[in-house]
Amino acid sequence: MLIIIFKLDNIISIKDFDREDIEYILDEAVKLEDIAKSKEICEDLKGKILGCMFFEPSTRTRLSFEASMKRLGGDYIGLSNVGNSSVSKGETIADTAKMFEAYCDVLVIRNELEGVSKFVSDIVDVPVINAGDGAGQHPTQTLLDLYTIRKEYGHIDNLKIALIGDLKYGRTVHSLANALTLFNNIELYFVSPEDLKMPKEILHDLDRTNIIYRELENIKDVIDIVDVLYVTRIQKERFTDLEEYLKIKGAYIIDKNLINNKNLIVMHPLPRIDEINEDVDNTPYNKYFIQAFNAVPVRMAILKTLVKK
Ligand code: NCD
């Protein structure tokens, strides 16, 4: 009998979590990691179906949700190409979501509009998971990011973490910054070009907590002191002016030379474009591929927790 102390019915924003909820998911993921590693299948969610509503491109998030459901003994159905669905005929998200509700036990949604997963969670009676809403939030990515940090350091408290790149449009860094306010003695460094700074709303969230943060433009100013370099790509698809994107593209490149002899790990939600040189891939600094693997035990934990509630 699973004793649930997890309080949420849906996963919409990391701001809905307290530390206990986060640790619950991370601890469940630890228990499921062996199945993910040995590529076995258990029966925890046998007979259950995940509905995947992906209105924006996705590789890791979608594949890892699908793999997670399969490893739990369940199955999935989904939309990945809106052109193949009735959305292209003008069907509303609400009607599409109602169909998914009728066919599935849990829904995962990625959409370019902020707030869509919240809207869907208000109109359906099955759990809803936000897999990224525009430049808003990406809470399940944050859970696997925290899992990766905890696995590497044994703790999340007392770390100095640099978030680098497109802090304006990158939803992964928004959720991660919010989540880190729940931990103790964290120092955050926001490294970005002037035009891609962390949004004011997130800074206001941080200002209401004890977390220490600093905004800067040059990675060299913190490279010697940080434990984690969390690198992100410039989010080309969110720019209205391609010229602006081209000006900023390539602003930060992490290569082996930059991090040699430093005491840190390099993370990235992926996909990477050019922000991490491939010469980092075969070094012990590279934790971004392990991070992508960690998506499976963490998403297994999320699905199991929500569906079993
Ligand atoms: C991220 C996303 O979609 O927000 N990718 C992911 O889910 N692993 C990061 C990105 O697209 O840059």
Side-chain angles (χ1 to χ4, degrees), residues 11-15 25 29 36 50 52-69 78-82 107-117 129-149 161-179 190-193 196-199 202 228-239 245 248-254 266-276 286-300 302-303:
I11 296 190
I12 305 298
S13 166
I14 205 74
K15 292 205 270 181
I25 296 291
L50 166 69
C52 298
M53 297 173 64
F54 279 72
F55 298 97
E56 270 198 329
S58 173
T59 301
R60 274 148 296 273
T61 303
R62 181 178 173 136
L63 292 181
S64 61
F65 264 114
E66 291 173 353
S68 299
M69 199 60 186
L79 295 179
S80 57
N81 182 347
V82 175
L107 305 186
V108 55
I109 302 179
R110 171 171 286 190
N111 194 279
E112 69 278 14
L113 293 177
E114 286 179 40
V116 164
S117 44
I129 302 168
N130 177 6
D133 58 341
Q137 285 262 327
H138 196 350
T140 68
Q141 177 70 41
T142 294
L143 292 167
L144 74 93
D145 293 341
L146 295 173
Y147 184 79
T148 305
I149 293 171
I161 300 174
L163 308 183
I164 308 163
D166 187 345
L167 307 184
K168 179 177 180 187
Y169 297 117
R171 52 196 172 202
T172 65
V173 284
H174 300 163
S175 300
L176 186 54
N178 281 137
F190 298 143
V191 187
S192 74
L196 297 179
K197 283 165 83 171
M198 190 59 97
I202 306 271
V228 179
L229 277 188
Y230 189 99
V231 188
T232 61
R233 83 183 160 94
I234 310 288
Q235 308 274 304
K236 182 180 178 187
E237 68 276 27
R238 315 256 179 246
F239 281 72
Y245 166 73
I248 290 169
K249 182 181 172 306
Y252 296 102
I253 311 271
I254 307 300
V266 179
M267 295 175 60
H268 192 308
L270 302 177
R272 83 173 137 181
I273 310 304
D274 55 5
E275 4 12 277
I276 302 179
N286 168 7
K287 299 299 173 200
Y288 33 94
F289 294 145
I290 293 172
Q291 185 183 356
F293 163 77
N294 289 339
V296 177
V298 172
R299 291 189 166 122
M300 285 172 78
I302 291 166
L303 290 168

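Just follow the structure's listing: the first ligand is 1, and inside any ligand the first atom is 1.
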Could you list which atoms of ligand 1 come closer than 4.0 Å to a heavy atom of Arg233? 10 (C), 11 (O), 12 (O)

Taking atom 4 (O) of ligand 1 as the reference point, the nearest protein heavy atom with its distance: Arg171 NE, 2.7 Å

Could you tell me which non-hydrogen atom of Gly170 sits nearest to which non-hydrogen atom of Val173, and how far apart they are? O-CG2, 3.0 Å

Verify the distance criterion only: is there a donor paired with an acceptor across the side chains of Asn130 and Gln137 at less than 3.5 Å? no

Could you check whether His268 and Arg233, counting side-chain N and O atoms only, form a donor-acceptor pair closer than 3.5 Å? no

Should you measure from each heavy atom of Pro271, which atoms of ligand 1 turn up under 4.0 Å away? 10 (C), 11 (O)

Record the part of Arg110 in heavy-atom contact with ligand 1 below 4.0 Å; permitted values are side chain, backbone, both and neither. side chain

Between the side chains of Ser117 and Asp133, is a donor N or O closer than 3.5 angstrom to an acceptor N or O? no

Which distance, rounded to the nearest 0.5 Å, do you find between the CD1 of Ile254 and the CG of Leu229? 5.5 Å

Taking all non-hydrogen atoms of both residues, which atom of Met300 and which atom of Ala36 are closest, and how far apart? SD-CB, 4.2 Å

Contacting atoms of ligand 1, where contact means under 4.0 angstrom from a heavy atom of Leu270: 1 (C), 5 (N), 6 (C), 8 (N), 9 (C)

Under 4.0 Å, heavy-atom basis, I'd like to know which part of Thr232 is in contact with ligand 1: side chain, backbone, both or neither. neither

Would you call Glu56-Arg238 a salt bridge at under 4.0 Å N-O? yes

Atoms of ligand 1 less than 4.0 Å from His138 heavy atoms? 2 (C), 4 (O), 6 (C), 7 (O)

What do you reckon, does Glu237 have a nitrogen or oxygen under 3.5 Å from a nitrogen or oxygen of ligand 1? no

Protein residue, atom and distance nearest to atom 8 (N) of ligand 1, heavy-atom basis: Pro269 O, 2.9 Å

